[in-house]
Every structure is written in structure tokens, then in C-alpha cells.
Amino acid sequence: DLPKVYTQFSTEVGHKTLWVVCVVMGISSLVFYGMAMRVPVQKRLFHIITAFITTTAFLSYYAMATGAGLTIHTTTIKETKLHVITEIVERQIYWARYVDWSLTTPLLLLDLSLLAGLNGASILVIMFSDVVMILNGLFAAFSYDQAQGWGWYAFACLAYLNIVYQLGYKGRTAVSTKDNKTRVFFGAISLFTLVLWTLYPIIWGVADGAHKINVDGEIIAYAVLDILAKPVFGFWLLLTHDSMARTSPSI
Ligand code: RET
């Protein structure tokens with residue numbers, strides 16, 4: 001007997017959403033480069049990092065919207081004790097997201113680390129954990145069967161917990177030596193980041209992991225989160241940083 005096949009593909013709704021985000025990321029990048037040119041070079045590091053983040057997202061959304069950054073992947077969801085496959089899911093995987101995230105999430109964390117004034121060793125630990133998290137997410141997405149996928153997912157979650165610990169504990173200790181405005185701002189923007197970032201593994205688990213959300217739903221959910229985590233985060237960071245007297249990163 002042939003296995004039962006469940007197919008999960010995006011439609012025009014997902015496709016349009018990808019284009020909208022692509023345009024938002026492109027415009028934000030231009031604005032960020034413009035802002036970078038208007039601040040003195042000593043204050044420019046945050047602007048450059050943030051503009052690179054939205055530029056990478058622009059390119060990755062361009063790849064996804066034009067149909068290049070995705071593939072169809074088959075996952076076994078049920079097999080008999082004798083390894084006869086009885087149920088499979090065929091679902092689109094937008095792998096360009098992982099390329100985007102593996103470059104942009106370390107940069108987002110670099111923004112936060114520099115704001116807190118973390119030392120070089122801590123910054124490296126945070127950025128490395130983050131790459132481990134994203135690549136394990138990629139392996140989870142391309143796993144052969146569901147159980148194996150959840151294994152990769154668990155490793156990624158451990159890496160994520162380490163990032164939360166490093167930034168939440170060490171970041172807070174580091175920022176406590178800074179001025180009051182920087183302290184309050186770091187508290188607010190890192191809480192915003194914690195809430196947003198925690199939604200990514202939840203969406204992944206329900207959509208890519210458990211196949212309970214279709215591909216359009218996944219595209220829309222990540223679209224909203226990506227806009228909040230990149231352009232909105234970026235504007236908030238840069239406008240606040242511009243208004244501060246002396247908070248150039250201590251490197
Ligand atoms: C995955 C799946 C495996 C488990 C975990 C994940 C976490 C992903 C995160 C992504 C953040 C993305 C951002 C993008 C910016 O636009 C890879 C989904 C923990 C935290 C902030």
C-alpha cells in the first residue's frame with residue numbers, strides 16, 4: 001500500500017505577504033543607511049549593524065517571494081514497527097529564513113550586547129549559541145522523521161535558554177554600571193526581544209513541527225514577528241541611541 005500523503009503548500013495569500021515584508025525591509029534599510037550617514041562616525045556602529053539586519057532580511061524575503069528560497073520536504077509521520085511508512089507530510093520549507101536568521105539574529109544580539117557593554121567573551125558565547133540555535137532549527141526542519149526533528153528542536157531550545165541566561169543575567173550585571181537612561185532602555189528593549197523571540201519556537205513547533213498551521217499561516221506569523229524584531233526594534237534602538245549623549249559602544 002502507498003502511504004497516506006498530506007500536502008501543505010502556500011497560496012497567493014502567503015506569496016503576497018512575502019512581497020509586503022520584502023518591501024518593508026527594503027525601505028527600512030534605506031532609512032537606516034540614511035540615518036547612519038547623519039550621525040557622527042563614533043555613534044554609527046549601531047546604525048550599520050541594524051541596517052545590515054534589514055538588508056539581509058530584504059534579500060531573504062526577495063528570495064522567498066520569487067520562489068528561490070524554498071523547497072518541498074517530505075517527513076514521515078507514521079510508520080509500522082517493520083518501518084513500513086504509512087503516513088507522510090509534504091510541506092514547503094522556506095529555508096531562506098534560516099540563512100537570514102543565522103546572519104541577522106547574531107547581529108541583533110550584538111546590538112543588545114554592545115548596548116549593555118558586555119565583554120568580548122560573553123558576546124562571542126551569545127553569538128555562537130545563537131548560530132547553534134538557528135542551525136539546529138534548520139536540521140529540525142529537514143529531519144527525516146518527526147521524532148528526530150524534535151531532538152534537534154530540543155538542542156535549539158537549550159541554546160536559546162543559554163542566550164536568555166547570558167543576556168538576562170550577565171547583560172543586566174554589565175548594564176548596571178551604566179547611566180540610568182541606558183539601564184532603563186536596556187531593560188525595556190531586552191524584554192521586548194525576549195517576548196518576541198520566544199514566539200518563534202512556538203510558531204515553529206505548531207507549524208513546522210506538528211504541522212497544525214498551514215504554510216500561509218506560518219508565513220503571516222513570521223511576517224508580523226520579523227517586522228517587529230527587525231525594523232521596529234531597529235527604529236526604537238536607533239532613535240533612542242541618537243537621543244542619548246554618550247552611549248557609543250565600548251569597543
Ligand atoms: C527555531 C526552532 C528551533 C527552536 C528555536 C528556534 C528559535 C528561533 C528564534 C528566531 C528568531 C528570529 C528573529 C528574526 C528576526 O527577524 C529556530 C525557530 C528556539 C528565536 C528574531
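The figures that follow rest on heavy atoms only: side chains count, while hydrogens, waters and symmetry mates do not. None of these values were measured; they are calculated from a predicted model.
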Holding to side-chain hydrogen bond (donor to acceptor under 3.5 Å, both in side chains), I want the full list of residues that pass it with D130, two or more places apart in sequence or in another chain.
T105
Quick one: NZ on K16 to CD1 on I219, what's the gap to the nearest 0.5 Å?
12.5 Å
Taking the side chain from R183 and the backbone from K178, do they hold a donor-acceptor pair closer than 3.5 Å?
yes
Partner residues of Y153 under the side-chain hydrogen bond (donor to acceptor under 3.5 Å, both in side chains) criterion, sequence neighbours left out:
none
Side-chain heavy atoms of E87 within contact of Y6, under 4.5 Å:
yes
Treating Ile, Leu, Val, Met, Phe, Trp and Tyr as nodes and any side-chain heavy-atom pair under 4.5 angstrom as an edge, say whether L118 and M244 lie in one connected cluster.
yes
Side chain proximity check, I49 to L114, heavy atoms < 4.5 angstrom:
yes
Is the backbone N or O of D242 less than 3.5 Å from a side-chain atom of K43, with the two atoms forming a donor-acceptor pair by type?
yes
Mark yes or no for whether R91, through its side chain, and H73, through its backbone, hold a donor-acceptor pair below 3.5 Å.
no
Membership question, hydrophobic clusters at under 4.5 Å side-chain separation (ILVMFWY): are L228 and V24 in the same one?
yes
Sequence-distant partners of V132, side-chain contact (heavy atoms from CB on, under 4.5 Å), two or more places apart:
F128, N136, A159
Minimal non-hydrogen separation, L167 against F186, with atom names:
O-CZ, 4.0 Å
Please tell me if the side chains of V125 and S122 come closer than 4.5 Å, counting only heavy atoms from C-beta onward.
no
Under 4.5 Å between any side-chain heavy atoms of V206 and H211, yes or no?
no
From CA spacing to verdict: side chain to side chain contact (heavy atoms under 4.5 Å, CB included), L18, Y94:
CA-CA 11 Å; L18 292 170; Y94 282 84; 3.7 Å; yes
Are the side chains of D226 and Y61 in contact, using a 4.5 Å heavy-atom criterion?
yes
Flag side-chain contact, heavy atom, 4.5 Å: I88 against I77
no
Side chain to side chain contact (heavy atoms under 4.5 Å, CB included) partner of E218, chosen from Q8, R97, Q92:
R97
Correct closest heavy-atom pair for A156 and G137 would be CB-N, 4.2 Å
D100 and K230 ion-paired at < 4.0 Å
yes
May I ask you to decide if I189's main-chain N or O and T193's side chain share a donor-acceptor pair within less than 3.5 Å?
yes
Can you tell me if CG on L2 sees more than 12 non-hydrogen neighbours from other groups inside 6.0 Å?
no
Fit a plane to each ring of W19 and H15, take the angle between them on a 0 to 90° scale, and name the class: parallel (under 30°), tilted (30 to 60°) or perpendicular (over 60°).
perpendicular
May I ask you to check whether T50 and D111 show a side-chain donor-acceptor distance below 3.5 Å?
yes
Could you tell me if the ring centre of F32 sits under 6.0 Å from that of H47?
no
Nearest 0.5 angstrom please: Y33 OH to S28 OG, how far?
11.5 Å
More than 12 heavy atoms of other groups within 6.0 Å of F155 CZ
no
Heavy-atom count around K181 NZ within 6.0 Å, excluding the residue itself: above 12?
yes
Using distance alone, with no hydrogens and no angle criterion, decide if T74 and Y144 have a side-chain donor and acceptor under 3.5 Å apart.
no
Would you sort out whether F58 and V21 count as a side chain to side chain contact (heavy atoms under 4.5 Å, CB included), showing the intermediate values?
CA-CA 8 Å; F58 164 74; V21 183; over 6 Å; no
Taking a hydrophobic cluster as the set of Ile, Leu, Val, Met, Phe, Trp and Tyr residues connected by side-chain heavy atoms closer than 4.5 Å, whether directly or through intermediates, do L30 and V23 fall within one such cluster?
no
Same apolar cluster: L112 and L103, side chain cutoff 4.5 Å:
no
Short question: side chain of T76, backbone of K78 - any donor-acceptor pair under 3.5 Å?
no
Any side-chain donor paired with an acceptor under 3.5 Å for D216 and S10?
no
How long is the gap from NE2 on H241 to CE on M35, to the nearest 0.5 Å?
11.0 Å
Shortest non-hydrogen separation from I134 to S102 and the atoms involved
CG2-N, 3.8 Å
S29 OG to L59 CG distance, which is reported to the nearest 0.5 Å:
8.0 Å
What are the two closest heavy atoms between S60 and A96, and how far apart are they?
OG-O, 3.6 Å
Tell me the closest heavy-atom pair linking T54 and P231, and the distance in Å.
CG2-N, 4.1 Å
If you define the side chain from C-beta out and look only at heavy atoms, does anything of M127 sit under 4.5 Å from L110?
yes
Residues L108, I53; criterion side chain to side chain contact (heavy atoms under 4.5 Å, CB included); working and verdict
CA-CA 7 Å; L108 285 163; I53 292 168; 3.6 Å; yes
Between atom CG of N162 and atom OG of S129, what is the distance when rounded to the nearest 0.5 Å?
4.0 Å
Please walk me through it: do Y98 and W101 pass ring-ring contact (aromatic ring centres under 6.0 Å, His included)?
CA-CA 5 Å; Y98 300 93; W101 294 348; 5.5 Å; yes
Is there a path of hydrophobic side-chain contacts, each under 4.5 Å between heavy atoms of I, L, V, M, F, W or Y residues, that connects F9 with I203?
no
In terms of ring plane angle, is the pair W197 and Y160 parallel, tilted or perpendicular, where the classes change at 30° and 60°?
parallel
Do F142 and W152 have their ring centres less than 6.0 Å from each other?
no
Aromatic rings Y222 and Y200: how do their planes relate, parallel, tilted or perpendicular, breaks at 30° and 60°?
parallel
Any side-chain heavy-atom pair of Y165 and I126 under 4.5 Å:
no
Value rounded to 0.5 Å, distance of CD in Q42 from CZ in R44
9.0 Å
